[in-house]
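The figures here come from the full heavy-atom set of this structure, side chains too, leaving out hydrogens, waters and symmetry mates.
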Amino acid sequence: MAKGWFRRTTKKFFIVINALLVLFFLLAALSPYINPDDFWLHGLLALTTPYLIISLILFVLFWLITKPIWSLMPIVALLIGWQQIAVVFAWTGNSIFTKRKAENHFRIVNWNIQSFNGLSKNALAKKMVRDEVATSILKTHPDIICLQEFNNAAAENNISLFSRTHPYHYFSKDYQRNDGTYQAGCIIFSKYPMIDSGRVVFPSEESLIYADILKGSDTMRIFTTHLQSFKFKKKDYADIEKIKETDESSFSASLSLMRKMKAAYQKRGVQTDLVSSALERSPYPSIITGDFNDVPNSYTYFNIKGAKNDAFLQRSFGLGRTFISIAPTLRIDYILLDNQFEVKQFDMVDEALSDHIMLVADIRLKK
């Protein structure tokens, strides 16, 4: 009798847990359609999507072993949210990236270089970061370089690190101080001539920039941007650890983090719509790169990507983490391309010089 009661109770427990996971997953699958500027909490659900997918897959296996009929619940949910699965995992295989590119291809690098700060706390090591970042980029032999959190100053001319090999550039200069002698923002460098360039200013802080690049007889528009981050500081990362504890300080830490996340999600919602509009107006085949500060399951990603192809999904394998802090599932940096382009190679290079990983892609413009 007791054994039967335990069995029924255990079964009900797993059914309830499975049902809750299905509910949260289906709600998360709505993320592409809900602007976080209207309802920011939905952005948090997008962050959990990879874990929800894995949990539902485990439940499919569990029910197939114990009660096959119940496996239909997670299976149907996964089928309904197949778009969410498709953007999380790359299945095309990760072939060896060759340094030499074909004659008719061009190579593009995208990297948030963390203001040349590096990861080391050693003062001497920090002084060398500028040269190490430039060397790491240039040794990939790129034709086009898109950088976020780039800075330039009268005392340290960082543009000169690239100008010899890439004579054309466009710099957003979103942040300026010291009478304009210090500037920071996004920058595009190119070996090919830039025939036009421009900047779409966001309501706060960063911007979207573009450059119309002439490669032979072909013109293409390259965009790059740095969307609103959570702006977590050392104290915030310490607060994340506090949340794991069950005391009064963890509640205070949670409120502080939630306030920052709410502000970031709402600003990104506005920025996303501005970026999507700019992409639609491009008169040329376009590529957008950048640090979107949001995961592939988000409103940000789906609405900027639109019908574009994701270089990672085209030529890689796995989850593709690009941000090395907080969690192992944060792919927030992208190279997205119009259908007129074909991705031939893709690589993610961790040089331990930034909290972001460098993206490298070889691309061909279809004729």
Participant: Would you please say whether a donor-acceptor pair under 3.5 Å links the side chains of Y301 and D310?
Facilitator: yes
Participant: Regarding E149 and N112, is there a side-chain donor-to-acceptor distance under 3.5 Å anywhere?
Facilitator: yes
Participant: Is any side-chain heavy atom of L279 closer than 4.5 Å to a side-chain heavy atom of I304?
Facilitator: yes
Participant: Applying side-chain contact (heavy atoms from CB on, under 4.5 Å), can you list everything that pairs with L23, at least two apart in sequence or on another chain?
Facilitator: L27
Participant: Got a sec, which residues hit side-chain contact (heavy atoms from CB on, under 4.5 Å) with K366, two or more places apart in sequence or on another chain?
Facilitator: E342, R364
Participant: Quick one: do the N309 and N339 side chains pair a donor with an acceptor below 3.5 Å?
Facilitator: yes
Participant: Please determine, by modelled atom types, if D37 and Q266 share a side-chain donor-acceptor pair under 3.5 angstrom.
Facilitator: no
Participant: Is there a path of hydrophobic side-chain contacts, each under 4.5 Å between heavy atoms of I/L/V/M/F/W/Y residues, joining F39 to L47?
Facilitator: yes
Participant: Looking at residues at least two apart in the chain, or sitting in another chain, which of them share a side-chain hydrogen bond (donor to acceptor under 3.5 Å, both in side chains) with T272?
Facilitator: T300
Participant: Would you mind checking if K101 and D143 are paired as a salt bridge, meaning a charged N to carboxylate O distance below 4.0 Å?
Facilitator: yes
Participant: Any sub-3.5 Å donor-acceptor pair from N158's side-chain atoms to A153's backbone N or O?
Facilitator: no
Participant: State whether a side-chain donor-acceptor pair under 3.5 Å links N303 with S276.
Facilitator: no
Participant: Can you list the residues that meet the ring-ring contact (aromatic ring centres under 6.0 Å, His included) rule with F171, with sequence neighbours excluded?
Facilitator: F150
Participant: Throw together a table of side-chain donor-acceptor distances under 3.5 angstrom for residues 281-290, partners on residues two or more places apart or in other chains.
Facilitator:
residue : atom : partner : partner atom : Å
R281    : NH1  : S277    : O            : 3.4
R281    : NH1  : S277    : OG           : 2.6
S282    : OG   : Y284    : N            : 3.3
S282    : OG   : Y284    : O            : 2.8
S286    : OG   : K308    : NZ           : 3.2
S286    : OG   : D338    : OD2          : 3.2
T289    : OG1  : N110    : OD1          : 3.2
T289    : OG1  : F223    : O            : 3.4
T289    : OG1  : T224    : OG1          : 2.9

Participant: Would you mind checking if R199 and E206 are paired as a salt bridge, meaning a charged N to carboxylate O distance below 4.0 Å?
Facilitator: no
Participant: Any chance the side chains of D362 and Q345 put a donor and an acceptor closer than 3.5 Å?
Facilitator: yes
Participant: Measure the spacing between CH2 of W70 and CZ of F59 and express it to the nearest 0.5 Å.
Facilitator: 11.5 Å
Participant: Residues in side-chain contact (heavy atoms from CB on, under 4.5 Å) with V200, at least two apart?
Facilitator: L208, A278
Participant: Donor-acceptor pair, distance only, cut-off 3.5 Å: does the side chain of T322 make one with the backbone of D333?
Facilitator: yes
Participant: I'd like to know if D294 pairs up with R268 as an ion pair, taking the criterion as any Lys NZ or Arg NE/NH1/NH2 lying under 4.0 Å from an Asp or Glu carboxylate oxygen.
Facilitator: yes
Participant: For the CD1 atom on I69, are there more than 12 heavy atoms of other groups (residues, nucleotides or ligands in this structure) within a distance under 6.0 Å?
Facilitator: no
